[in-house]
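Working notes, structure below.
Residue numbers start from 1 in every chain, and the chains themselves are labelled A, B, ... in the order their sequence lines are given, proteins ahead of strands.
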Amino acid sequence: MNTVEEILDFAIEREQQAADFYTDLAQKVNKPWLKEMLEGFSREEMRHKGKLKSVKKGEKLLSAEQKIQNLKVSDYLVAVEPTENLDFQDALIVAMQREKAAYRLYTDLANNIDDPEMKELFLGLAQEEAKHKLYFEVQYDDQILKHN
Amino acid sequence: MFEPAAPVDLSSGKYLKLWQGPQHPGITGNMSLELTTCGDEVVACKTHVGYLHRGFEKLMERRTFIQNFTIVCRIAVPEPTFNEYLYAAVVEELSGIKAPERAEWIRTFNLELMRLGSYLMWLGGVGAAFGQSTIYQWTVTHRDYILDLFEEMTGARVYHMYIVPGGVRGRLPEGFEDRARKVLDGVERLLMDVEKILFNNVVFKTRTKGLGVITKDMVDPYGITGPNQRAAGFARDVRRDSPYLMYDEVEWDVITGTASDTYERAWVRLQEMHQGIRIMRQVLDRMPTGGPFQTPLPNVLHWEVPKGETYIKAECTRGEYGYYLVTDGSQYVRRVHVRGPSYTHAIALMEKMAVGTNIADIAGLMVSLHTYPPEIER
Amino acid sequence: MATPTALLDELGKRYTLSEIHIQRDDLLFLKVTKPQAVRFLKDLRDDAGYTHLTFMTNIDYIEDGRFTLTYMLHNYDTHHEIGVHVDLDRDNAEMDSIHNLWAQGRTYQCELREMYGIRFPGSPGLDDDFCLEGWDQIPPMRKEFDIVAFSEERFGNRPGRGSTDPREHMGTVMYPEHRDGTEH
Amino acid sequence: MSLKDLISPFYVWQRAFQKPYTQKRPIEERPGAPRYRGFHINLTEECVGCGSCEAICQNHAIDMVKVEGLEPRNGDSGLRPKFDYGRCCWCALCVDICTARSLRLSNHYAWVTEDPDAFHFIAGTDAMPWNQNSLGYRRDDDYHLLTHDRIEMDALSPEESLKGFDEVMKGYTEEQALLEADRCVECGICVATCPAHMSVPDYIKAVRNKDWEGGLKLLYETNPFSTTCGRICTHRCETDCVLGLQGTPIAIRWLKRAIADRVPAERYAEILNDTFTENGKKVAIVGAGPGGMSAAYYLRKQGYGVTVFEAQAHGGGMLRYGVPSYRLPENQLDKDIDYIRSLGVDVRFNTRVGQDVPFSELMDNHDAIFIATGLSSPMKLRIDGEEHPRVVSGLKILDDVAKGQDPGVGKRVAVIGGGNVAMDAARVSRRVGADVTVLYRRRIEDMPADPEEIHESKAEGCHLVPQAIPVKIKDADDPNQVVIVWGEAEMVSDAKGGRPRPVLQEDRMHEETYDTIVSAIGQGGDYDFMGECLGSIEQKWGKFIPGAYQQTGVSKIFVGGDIANSTADAISAVEDGHHAARGIHRFLSEEGLQ
Amino acid sequence: MKPNQSALGPLMNEGLPPEDRDLFSNARPVLYEPYPVEVVEKFVNWVRANSLWLLAFGTGCGAVEINPLMTARYDAYRMGVQTRPTPRQASVFLIGGYASVKTLKRIIRSYEQMQGPKFVVCLGICPINGGMYWDSYNTVNQFDLYLPVDLYITGCMPRPEVLMAGVLELKKKIMEGRADGANRYVENFDWYKANQKRVIKNWNMPDYNW
C-alpha cells in the first residue's frame with residue numbers, strides 16, 4: 001500500500017468484508033429480529049463503503065485532529081464469538097469489537113508509516129472507525145445499560 | 001309614616017312636575033328625582049333609582065368566592081375598599097380564616113386613605129353645588145395624589161382589588177410610608193384652606209345653615225347612620241362601638257354635631273378628615289414592616305365555604321356599610337346582601353327632606369347626604 | 001338592658017322561636033313564625049332597644065320551596081344585632097308590611113317585590129318600578145332565573161371567541177386511538 | 001354675617017403664587033406605577049397552557065387557543081391564553097393563579113381604537129407594544145392562591161422499616177387526602193402523560209368530595225390495578241403536574257391509593273357493577289402480570305371468554321416477584337387480581353406456554369391471543385468473572401424473598417445498577433441484615449429508580465456509590481466471598497445533547513471484597529415459546545414493536561407490557577392490556593381491524 | 001349606499017299612547033352633508049375638533065375618572081374639552097362604562113337630542129363585550145348595537161391619561177373627516193331602532209327624540 005488510491009481500496013474492501021460478515025451472520029442466526037438487526041449493521045457498513053468511494057472521488061475525509069469520543073464501553077467486556085445463538089447484546093458487542101479492531105489496525109498502520117500524507121489518511125480512516133465504534137457504544141449505553 | 005305631602009292636583013296649573021336627572025349636573029351620579037314644585041318650592045319628591053343596577057347580588061350567587069373578590073369593589077365606585085374589606089371579612093369569618101396582623105394594619109390604612117379620598121371628592125362636590133368650583137379643582141387633585149398612593153400600593157387607581165380574603169395581595173412598596181406622609185401633609189394644608197374659603201364663606205353659610213335638617217327622632221325610622229347621624233348629636237360610630245381591624249389600637253375622636261343641617265354635616269365630615277389623617281399617621285408609625293400579610297387559602301378554584309351566615313359592618317364615609325353573607329357549604333354563596341347607607345339616605349330620607357326646600361338647593365341637599373347611586377341599586 | 005340570652009328567655013315565653021344561632025357575641029340569628037313576625041319585630045324595637053332596622057332581605061331556598069326573609073335589627077345601646085328569619089311559601093310569597101315600623105321598610109319591600117315577587121299588602125308604592133324598568137321576565141333574583149341564558153338571548157355577545165380544553169386538546173392530538181369513550 | 005366670613009375667603013389668594021397642579025404632558029409623564037396592573041404579558045416558553053387563568057377568570061375574558069407552531073407535548077398542552085379586552089377587568093387573578101408564573105401584567109395601559117373587534121390578542125405571542133415592558137404587576141412571593149407544598153404521608157421510620165417487610169408508606173388519612181386533593185387545579189395536563197390516560201382530575205375531585213365509590217369507578221375505567229398502582233406506580237403524571245412548576249407536584253399516586261384503600265374488596269362487585277353478556281369468542285392471554293390481567297379485565301367486560309396462562313403459582317408477574325412487600329403488600333396485589341378473577345377470568349397457574357401447553361394449541365383454540373410475558377431474564381454484565389457463584393441477579397433475590405426464602409446474601413453486599421430492581425434488591429438485603437453498597441455507572445440524578453426509592457434506600461442505610469463502573473470480578477481468598485474491580489467514571493457531555501455519558505477512568509480503579517454481588521442492570525425477554533410466529537413479529541433491541549392497538553404482524557396476536565414498550569412499568573403494561581383489549585374487540589367485532 | 005330617508009316614510013311613534021302620538025314629531029333624522037368646498041369642510045372639522053363639549057351624563061362607573069380629567073391636574077380644558085350640562089350644547093357623548101337597560105333609554109334620548117355633528121366615545125370594557133357585567137340581566141353587552149360609536153377606550157377604569165389619549169384620537173379622527181357615527185345612525189336608523197326596542201321594553205317615548 002503505497003498510494004492513497006491503494007489505501008482507500010483496501011479500506012473499501014474491508015468495509016465490504018464487514019458487510020459480508022454481518023450478512024452471513026444474519027443467515028445463521030435463528031431469531032428473525034436479530035437477523036434484521038444484523039442486516040441493518042450490514043447496510044451500515046455498505047454506507048461506510050459508499051462514503052469511502054466518494055472520498056476516492058475527492059471528497060474530504062474526517063480530519064485526523066477531530067477528537068472522537070471513546071466511551072470505553074467495550075474495553076472490559078468479555079469477547080463474544082458470533083454463533084447462531086447470539087442475542088442483541090452479543091450482536092452489539094461483536095460489532096463494537098470489530099470496529100475497535102479496525103480502529104487499532106489503522107492506528108497501527110499510521111504509526112508505522114513516515115509519509116505525512118499517508119499518515120494523515122490512515123489516521124483519518126481510524127477516526128472514521130472510531131466514529132462507527134462510538135455509534136455502537138452509544139447504542140449499547142442507551143439500550144443495554146439503560147438501567148445501569 | 002310615609003305620607004304624601006298635601007294632596008297635589010297637577011291639573012290646577014299651580015304645580016309643575018319637574019324631573020331632575022338622571023342626566024342633570026345637579027345630581028350626585030346617575031339617579032333622578034321627580035319633583036313636584038309650586039313656584040320654586042318643592043312640595044313633593046320621589047326618587048328614581050336603578051339606572052346603575054347591575055344585579056350584583058345575583059351575579060355574586062354564580063361566582064366562586066375568589067371571583068367575587070374582584071367584583072365587589074365595583075359596588076360603590078368611589079369607595080371600593082370598604083366592599084373589599086367587608087367581603088373579605090364575611091368570608092374569613094365563615095371559613096374560619098384569620099388574616100395576619102400585618103394585613104390588618106395595611107387594611108386599616110387602606111380604608112382610612114379611601115375615606116379621605118372619598119371625602120375629598122365629596123368636598124369638591126359640596127363646593128361645586130354651592131358655586132365654589134375652585135374647591136372642586138383642588139380637592140379632586142389632592143384626591144388624585146391619594147389615588148397615586150393606591151396605584152403604587154395596589155396596582156390600580158380606582159378598583160384596587162387589594163384586600164383579598166385572608167389578607168392583602170402584596171407588601172407595601174419601598175419608601176411608601178414617606179410618600180404617604182407627604183400626601184397627608186398636603187391634604188392637611190388643603191383642609192385649612194378649605195375651611196377658610198368654604199366654611200367661613202358667607203355665601204356658603206347662608207345657604208346651608210338650616211337646610212335639610214335631620215332631627216334626632218328621624219334617625220331610627222329612616223335608618224340614618226354615619227356623619228348624617230353624628231351631626232344630629234349621636235356619638236355612634238361602628239369603628240368605636242364594634243371595633244374592627246386596628247381601630248381600638250389607635251387614638252381618635254368621634255365627631256358629633258348638634259343640629260344636623262347641611263352646614264353641620266359638612267363640618268362634621270371636615271373634622272373627620274382630620275381624624276382620618278390622625279389615624280393614618282398612627283398606623284404608619286406602628287405598622288409592622290415584616291411578617292406574613294396573607295393567610296393561605298384553600299385552593300381557590302374549588303373553594304367551599306362551610307354553611308353559615310353572618311353580618312359584618314364597617315363605618316364607611318356615609319355610614320354603616322355591611323355585608324350579609326349566607327353560605328350553604330358549596331362553592332357559591334347562597335345569598336349576599338350589601339347594606340349600603342346610600343340606600344336609606346337617598347330614597348326615603350331624601351324624599352322627606354326635599355319637601356319644602358328650594359329647587360336651587362336640591363343639588364346641595366343631595367350632596368350633603370353624601371350618597372352614591374351605584375351603591376343604592378347595586 | 002337585657003342581655004341577649006335573658007332577652008331570648010323572655011321573648012321565648014311569648015313567641016315561638018326556633019333555629020337560634022349565636023354567630024358572634026354581638027350577633028345572633030333566630031326564626032320566628034310568619035304570623036308572629038311583625039309583632040315580634042315591634043316588641044324588639046319598642047321594648048328591647050332594637051331600634052335600628054339595618055336591612056331587610058330575602059334568601060331563596062328553592063330546593064325547600066321556601067323564601068326566608070331576614071330582618072336585621074341593631075341595638076345602639078348594647079351594639080348587638082339580631083337577625084330575624086321568617087319562612088315564606090315560595091310559590092305564594094306574602095308577608096305583612098313593616099312600613100309602619102320603619103320608614104325605609106317601604107323601600108326594602110318595594111325591592112323585594114321586584115326582585116323576588118314577594119307581596120307586602122299595604123306597603124305604599126309597592127308595585128312601582130324600583131331598579132328595573134319594563135321587566136318582562138320572572139323576578140330576577142329568584143334562583144330559577146338563569147341570567148347567563150337570558151343575557152345571551154337578550155343582549156348577545158361579540159363573536160370571535162372560542163376556547164379549547166387543554167385535556168381534550170391533548171387527547172385529540174396526542175393519543176386519539178386510546179380514547180374509546182370509556183375515558184371522559 | 002360676620003366680617004371674618006367676608007374676608008376669610010380672600011386669604012387663599014396667596015396660593016396664586018404656588019406651583020400649579022397641572023401636569024404638562026400627563027400621557028408621557030405618567031407611566032403606570034411599578035406594580036400597575038396594565039396589559040398582559042405571557043412568557044410563552046414558560047407557559048404550559050394549563051388553563052388555570054381561564055378557570056379563575058370571572059369575566060370569561062380568557063380563551064385557551066392553539067398557537068401556530070406549538071404542538072401539545074407531555075407537560076404542555078400547546079394552548080396559550082388569548083385575552084378579550086372587552087371583558088378583562090385587570091384583577092390579575094390570572095397572574096396570581098398562574099402555575100408556571102409565566103403570566104404577568106405590564107404597566108402599559110393605553111389602547112384606543114375605533115374597532116370594537118380589535119381587542120383580542122394572545123399574550124406573549126402576538127406582537128403588542130407592551131411586550132417588552134419590564135414593570136407591572138407580579139405575584140408577590142409571599143402571596144399564594146395555591147398550596148405549593150405537598151401534604152406529606154406518614155411513613156415508618158427507617159429503623160422501624162428495616163425490622164421487617166411491613167409496608168413503609170402508611171397511606172393518607174382522610175384529612176390528608178382531602179388537603180392534598182384540594183391542591184389540584186384540574187388542568188388535566190397529567191392525563192396525556194399517564195400511559196393509561198387515567199382521568200386524574202376527575203378522581204382527585206372524587207377524593208375532594210369524599211366520593212370513594214365514584215372514585216373507584218373512575219379508576220377502573222382505565223386501570224384495574226388501582227390498589228397496586230396507588231403504591232408502586234412510576235407516576236410520570238407527577239413529573240408533568242403543573243403544581244410542580246413552583247412547588248411539589250400533587251401526590252397523584254397516593255390519592256389513587258387513598259381511594260382504593262377506602263373501598264373494601266367485598267364492595268368492589270357491587271360498586272363497579274361490571275355486567276356483561278358472553279359473546280362466545282375466546283381470547284388467550286399469556287402472562288398474568290398487570291398487562292395480561294388488564295387485558296383480561298377489559299375483554300371480560302366486553303363478554304369475551306378469557307383464559308390466562310401463567311407460569312408462576314400466583315398472578316401479578318413482576319409486581320409479585322419483583323416488588324418487595326414493604327412497597328406492595330401481597331394482599332393488596334391480590335385485591336386487584338382477585339376482583340378480575342371474580343368476573344370469570346380463567347387463570348391457569350403453573351402453566352408455562354411452550355412447555356406445559358404448546359403455543360399452537362393457543363393459536364388453534366382462540367380467536368385472539370394477547371402476549372404479555374414480561375422481561376424475566378436478567379441481563380448479563382458481560383465482564384470477566386461474572387459466572388462466579390457469589391454473583392446473583394437482583395430478580396433472584398427478590399423472587400426468593402417473595403417466596404419466603406432466605407436469599408442468603410451474607411453480611412456485605414454490592415448491588416450493581418440504578419433501577420428499581422437494584423434499589424429493591426439493596427433494601428431487601430438491608431432487611432436481611434447486610435451492609436449494602438450500590439454501584440451505579442452514572443450520577444444519582446440519572447438513576448432510573450423512583451426518587452422515593454432512592455431516598456428511602458439511603459434512609460435505610462444503603463451506601464450509594466455513583467459513577468462506578470464494574471470492570472472485573474475475581475475470586476476472593478475466602479471461597480464464600482468475591483472481589484469486584486471497579487473504576488471511577490467521568491461524565492462527558494453527549495455530542496447530540498443527550499444526557500452525559502460515563503467514561504471509565506482507568507487510573508482510578510478500586511478493588512473490594514463482598515459476600516455477594518447482586519447484578520441488577522436490567523432484564524430481557526424470552527420469546528422462544530412462540531416458535532415460527534416470531535418471524536412475523538417486528539422487534540428491535542429485544543422488544544416487540546407492535547402496530548396500532550398493540551397488534552402484531554400475525555393479526556390475531558397482540559403484544560404488550562414490558563416486552564413491547566420502552567418504559568417497562570406497571571402502568572404502561574396496564575394501558576397496553578387495555579389498548580390491546582380495545583384492539584382485539586375491534587378485530588373481532590364489526591368495527592374491524594385488518 | 002345611502003337609503004333615501006324620506007322614502008322610508010314618517011315614524012309611527014307606536015310606543016306612545018295613541019292620543020299622545022300627535023304631540024311628537026314623526027320626522028326622521030337627516031344626514032349631515034359636508035360643505036361642497038373641501039377647504040371649508042376641512043376648516044370646519046378643525047374647528048369642531050378643537051371645541052369638544054362633553055355631555056356630563058355619568059352613565060356608568062367610568063364617570064368617576066372624568067372628575068380628575070376635568071380638574072386641575074389633568075386639565076382637559078386646555079385641549080378644547082369642557083363639560084356641558086345639557087345634550088343640546090354637547091357634541092361628545094362619553095359612555096361611562098356599562099349601560100343598564102334603564103339608562104340606555106336615557107342615553108338614546110340624550111343622544112338624539114344632541115346637535116350634530118356629534119360623536120360617541122365608549123369608556124371601559126363593558127360597552128365592548130359586556131365586561132364585568134357580561135352575564136348581568138340588566139346591562140347591554142355590545143353598545144354598538146344601539147348607538148354608533150366612534151371610539152373605544154379599553155380599561156377598567158381607563159385612566160384619565162387614556163381618556164386624554166382618546167380625546168386626541170377623536171380629534172384626529174374628526175379632522176380627517178372620519179368621525180361619521182351620526183351619519184351611520186341616520187343611514188341605519190331602522191336597524192338601530194329595532195335593536196333598541198329589542199331590549200327597552202317600555203318604549204314610552206317618541207321614536208326619534210330630537
Original post:
If you count heavy-atom pairs under 4.5 Å with chain D, which of B/Asn299, B/Leu59, B/Leu301 comes out on top?
Top reply: B/Asn299

Original post:
Using non-hydrogen atoms only, which part of D/Asn107 is less than 4.5 Å away from chain B: side chain, backbone, both, or neither?
Top reply: neither

Original post:
Relative to chain D, which segment of B/Tyr145 carries a heavy atom at a distance below 4.5 Å: side chain, backbone, both, or neither?
Top reply: side chain

**OP:** Using a heavy-atom cutoff of under 4.5 Å, enumerate the residues of residues 56-63 of chain D that contact chain B, numbered in order, or state 'none'.
**Re:** D/Ile56, D/Cys57, D/Gln58

Subject >> Per-residue contact mode, B/Lys205 against chain D (heavy atom under 4.5 angstrom) >> reply: side chain

**OP:** Please state whether the side chain, the backbone, both or neither of B/Asn68 comes within less than 4.5 Å of a heavy atom of chain D.
**Re:** neither

Subject >> Engaged part of B/Pro298 at the chain D interface, taking heavy atoms whose separation is under 4.5 Å >> reply: both

Subject >> Partner chain B: residue of D/Tyr11, D/Tyr109, D/Tyr137 with the largest heavy-atom pair count (under 4.5 Å) >> reply: D/Tyr11

Subject >> Interchain contact, D/Tyr36 with chain B, by part (heavy-atom threshold 4.5 Å) >> reply: both

**OP:** Can you tell which part of B/His142 gets under 4.5 Å to a heavy atom of chain D, answering side chain, backbone, both or neither?
**Re:** side chain

Original post:
Can you say whether D/Leu146 sits under 4.5 Å from chain B via the side chain, the backbone, both, or neither, judging by heavy atoms?
Top reply: side chain

Subject >> Under 4.5 Å from a heavy atom of chain D, the part of B/Phe293 involved >> reply: side chain

Subject >> SB check D/Arg101 D/Asp141 (cutoff 4.0 Å) >> reply: yes

**OP:** Quick one: closest heavy-atom pair of B/Leu297 and D/Thr147, and the distance?
**Re:** O-OG1, 4.1 Å

Subject >> Interface residue of largest heavy-atom contact number with chain B, from D/Leu179, D/Asp96, D/Ile97, D/Ile7, under 4.5 Å >> reply: D/Asp96

Subject >> Part of residues 123-139 of chain B lying next to chain D, heavy-atom separation under 4.5 Å >> reply: B/Trp138

Subject >> Proximal component of D/Leu105, with respect to chain B [non-hydrogen, under 4.5 Å] >> reply: neither

Subject >> Under 4.5 Å from any heavy atom of chain D - which part of B/Arg171 >> reply: both

Original post:
Where does D/Arg139 contact chain B at under 4.5 Å (heavy atoms): side chain, backbone, both or neither?
Top reply: neither

**OP:** Let me know if B/Arg63 has heavy atoms under 4.5 Å from chain D in its side chain, its backbone, both or neither.
**Re:** side chain

**OP:** Check each atom of B/Val164 against the heavy atoms of chain D and say whether the ones under 4.5 Å are side chain, backbone, both or neither.
**Re:** side chain

Original post:
In residues 172-181 of chain B, which residues are in contact with chain D at a heavy-atom separation under 4.5 Å?
Top reply: B/Leu172, B/Pro173

Subject >> Atom group of D/Gln14 that falls short of 4.5 Å from chain B, counting heavy atoms >> reply: neither

**OP:** Run the salt-bridge test on D/Glu238 and D/Arg150 with the 4.0 Å N-O cut-off and return the result as yes or no.
**Re:** yes

Original post:
Going by the salt bridge (charged side-chain N to carboxylate O under 4.0 Å, His left out) test, which pairs reach into residues 154-165 of chain B, not counting sequence neighbours?
Top reply: B/Asp144-B/Arg157, B/Arg157-E/Glu65

